[in-house]
Engineer: 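Take this structure, written in structure tokens, and hold onto it; I'll ask about it next.
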Amino acid sequence: MLFIRTLFLAAVVSALPQPGIKARAPQDGINKKVLAEVQATANKIIPVVVGGTQDTFVPNVVRAAIGDVIQFQFSNGNHTVTQSAEDAACQPLQATVATAIHSGHIPFVDGQTTVGTFNMPITAADTMFLYCATGPHCQEGQVMVINPTSDEQIVNYAKLAAGAAANVDGTTVVGGSVGSIPLESAAFTPAAPEEQGPPPAADPAAADPAATTPAVDPAITASATLPATLAEASNPGDVFTTTTVVVTVTA
């Protein structure tokens, strides 16, 4: 009987909360949902189209997780992906940070069957500010933000870029790998080649010289026979030369 009571008390004590020991959270649906979301969002390839019919990044705002790869696909034109500081749009961050992003110039011309790419792995959740360093593209709005902390950041960055005094190129390809993919695998359709228009119509005047000569209306053409000299006119028997003057009036 004593043995049975001892077992009963031991079972009750083991069921009571033990001081200094925290119970583990149950593996309920919430934890599983969070885990599923992390697994679904990590290690993605996120395409971004660079250039095309307009000098833009599409999309120009991306939210990426650590482990994702942003694949920049270069469409029509010649463009770069270059990192700047938030308050120094169109100026390469490489000038002060050697590891700052720069893809180099990657062109796309009519007739290409492959698309140049720049694969940039996300290694930190920090906000990144990127621009194209070709010509005036940065000032014209070819900028983007990765992992912004607010929706206003892309707007403010674009305004800052529009007022930049110069668009400065990066120096060394850093922060990703340059490659290519088949055109049919790209996230865009290239702009159609510019078609040659028909030759300009020939100038009627040049094609038909006669068209430049106005027609003469016989009804308004007059002629007169005048004596060559007044002396000859005063001697009717003399032989003299006459001059015919034709006056033409165009309507």
Side-chain angles (χ1 to χ4, degrees), residues 41-42 44-109 115-178 186-192 194:
T41 57
K44 279 186 175 181
I45 295 179
I46 303 173
V48 173
V49 177
V50 186
T53 55
Q54 294 182 326
D55 296 328
T56 56
F57 291 99
V58 179
N60 63 357
V61 173
V62 170
R63 289 175 172 82
I66 295 174
D68 289 346
V69 174
I70 297 181
Q71 183 179 78
F72 294 94
Q73 302 178 5
F74 291 78
S75 186
N76 298 71
N78 191 338
H79 305 277
T80 79
V81 176
T82 307
Q83 185 178 4
S84 80
E86 180 178 5
D87 59 353
C90 311
Q91 303 293 314
L93 188 59
Q94 277 190 343
T96 55
V97 180
T99 57
I101 303 298
H102 180 59
S103 66
H105 291 261
I106 301 179
F108 182 93
V109 297
V115 172
T117 59
F118 181 67
N119 296 321
M120 187 185 76
I122 300 298
T123 59
D126 300 335
T127 303
M128 299 177 63
F129 299 85
L130 304 172
Y131 68 98
C132 175
T134 299
H137 293 184
C138 180
Q139 289 94 331
E140 292 174 350
Q142 193 170 5
V143 297
M144 72 172 296
V145 179
I146 297 174
N147 290 333
T149 57
S150 69
D151 293 337
E152 289 73 26
Q153 279 188 308
I154 183 60
V155 176
N156 295 335
Y157 186 55
K159 288 180 179 179
L160 189 64
N167 189 15
V168 182
D169 202 354
T171 54
T172 306
V173 176
V174 176
S177 59
V178 176
F188 66 91
T189 300
E194 295 184 4

Engineer: Taking salt bridge (Lys or Arg N to Asp or Glu O under 4.0 Å) as the test, write out the residues that go with Asp126, two or more places apart.
Structural biologist: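 Partners of Asp126 under the salt bridge (Lys or Arg N to Asp or Glu O under 4.0 Å) test: none.
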Engineer: Applying side-chain contact (heavy atoms from CB on, under 4.5 Å) to Val178 and Val173, what does each step give before you reach the verdict?
Structural biologist: CA-CA 9 Å; Val178 176; Val173 176; 4.1 Å; yes
Engineer: Can you check whether Gln83 reaches Val97 side chain to side chain, under 4.5 Å on heavy atoms?
Structural biologist: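 Heavy-atom side-chain distance check fails, nothing below 4.5 Å.
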Engineer: Let me confirm one number: the CZ-CD1 distance from Phe72 to Ile46, rounded to the nearest 0.5 Å.
Structural biologist: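 Answer for the CZ-CD1 pair, Phe72 versus Ile46, is 9.5 Å.
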Engineer: Would you please test Phe108 and Phe74 for ring-ring contact (aromatic ring centres under 6.0 Å, His included) and show each step?
Structural biologist: CA-CA 7 Å; Phe108 182 93; Phe74 291 78; over 10 Å; no
Engineer: Which distance, rounded to the nearest 0.5 Å, do you find between the CD1 of Ile122 and the NZ of Lys44?
Structural biologist: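 Those atoms lie 13.5 Å apart.
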Engineer: Which heavy-atom pair separates His102 from Phe118 by the least distance, and what is that distance?
Structural biologist: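 In this case the closest contact between His102 and Phe118 is O-CZ, 3.9 Å.
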Engineer: Identify the heavy atoms of Phe57 and Leu130 that sit nearest to each other, and give their distance.
Structural biologist: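 Phe57 and Leu130 have their closest heavy atoms at CE1-O, 4.4 Å.
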Engineer: State the OG1-CD1 distance between Thr117 and Ile70, to the nearest 0.5 angstrom.
Structural biologist: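 The distance works out to 13.5 Å.
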Engineer: Regarding Gln73 and Gln71, is there a side-chain donor-to-acceptor distance under 3.5 Å anywhere?
Structural biologist: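 Checked: Gln73/Gln71 side chains pair up, N/O donor to acceptor below 3.5 Å.
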Engineer: Donor-acceptor pair, distance only, cut-off 3.5 Å: does the side chain of Asp68 make one with the backbone of Ala65?
Structural biologist: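 Between the backbone of Ala65 and the side chain of Asp68 there is a qualifying donor-acceptor contact (under 3.5 Å).
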Engineer: Compute whether any side-chain donor of one residue and acceptor of the other, for His105 and His79, lie under 3.5 angstrom apart.
Structural biologist: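 His105 vs His79: no donor-acceptor pair found between side chains.
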Engineer: Any side-chain to backbone donor/acceptor pair from Asn167 onto Gly135? Under 3.5 Å, distance only.
Structural biologist: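 Yes: the side chain of Asn167 pairs with the backbone of Gly135.
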Engineer: Kindly determine whether Gln94 and Val174 satisfy side-chain contact (heavy atoms from CB on, under 4.5 Å), including the steps that lead there.
Structural biologist: CA-CA 9 Å; Gln94 277 190 343; Val174 176; 3.4 Å; yes
Engineer: What are the two closest heavy atoms between Pro59 and Pro47, and how far apart are they?
Structural biologist: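 Answer, listing the atom of Pro59 first, then Pro47: CD-O, 4.0 Å.
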Engineer: Check Ile154 against Asp151 and note the closest heavy-atom contact, atom names and distance.
Structural biologist: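 Here Ile154 and Asp151 meet closest at CG2-O, 3.5 Å.
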Engineer: Return the minimal non-hydrogen interatomic distance between Ile101 and Met128, and the atom names on each side.
Structural biologist: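 Looking at all heavy atoms of both residues, the closest pair is CG1-CE, 3.3 Å.
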Engineer: Atom CD1 in Ile106, atom OG in Ser75: separation rounded to 0.5 Å?
Structural biologist: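 If we round to the nearest 0.5 Å, Ile106:CD1 and Ser75:OG are 12.5 Å apart.
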Engineer: Is the shortest side-chain N to carboxylate O distance from Lys159 to Asp87 below 4.0 Å?
Structural biologist: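 Salt bridge between Lys159 and Asp87, a charged N being under 4.0 Å from a carboxylate O: no.
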Engineer: Is the backbone N or O of Pro92 less than 3.5 Å from a side-chain atom of Thr82, with the two atoms forming a donor-acceptor pair by type?
Structural biologist: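 Here the side-chain-to-backbone pair does not exist.
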Engineer: Does Val62 form a side-chain contact (heavy atoms from CB on, under 4.5 Å) with Met144? I'd like the steps, not just the answer.
Structural biologist: CA-CA 8 Å; Val62 170; Met144 72 172 296; 3.8 Å; yes
Engineer: Under a plain distance cut-off of 3.5 Å, with no hydrogens placed, do Tyr131 and Thr80 share a side-chain donor-acceptor pair?
Structural biologist: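 No, because no side-chain N or O of Thr80 sits under 3.5 Å from a partner of the opposite role on Tyr131.
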Engineer: For the atom pair SG (Cys132) and CD (Gln142), what is the distance rounded to the nearest 0.5 Å?
Structural biologist: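 So the SG of Cys132 and the CD of Gln142 are separated by 4.0 Å.
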Engineer: Minimum heavy-atom separation for Ala161 to Val143, with atom names?
Structural biologist: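 Taking Ala161 first and Val143 second, the nearest heavy atoms are CB-CG1, 3.9 Å.
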Engineer: Would you call Pro148 and Tyr157 a side-chain contact if the rule is heavy atoms closer than 4.5 Å?
Structural biologist: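 Side chain of Pro148 against side chain of Tyr157, heavy atoms only: no contact under 4.5 Å found.
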Engineer: Would you find a donor on one side and an acceptor on the other, under 3.5 Å apart, between the side chain of Gln91 and the backbone of Ala85?
Structural biologist: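 Side chain of Gln91 to backbone of Ala85: no pair is present.
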Engineer: What distance do Asp169 atom CG and Cys90 atom SG have between them, rounded to the nearest 0.5 Å?
Structural biologist: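 If we round to the nearest 0.5 Å, Asp169:CG and Cys90:SG are 12.0 Å apart.
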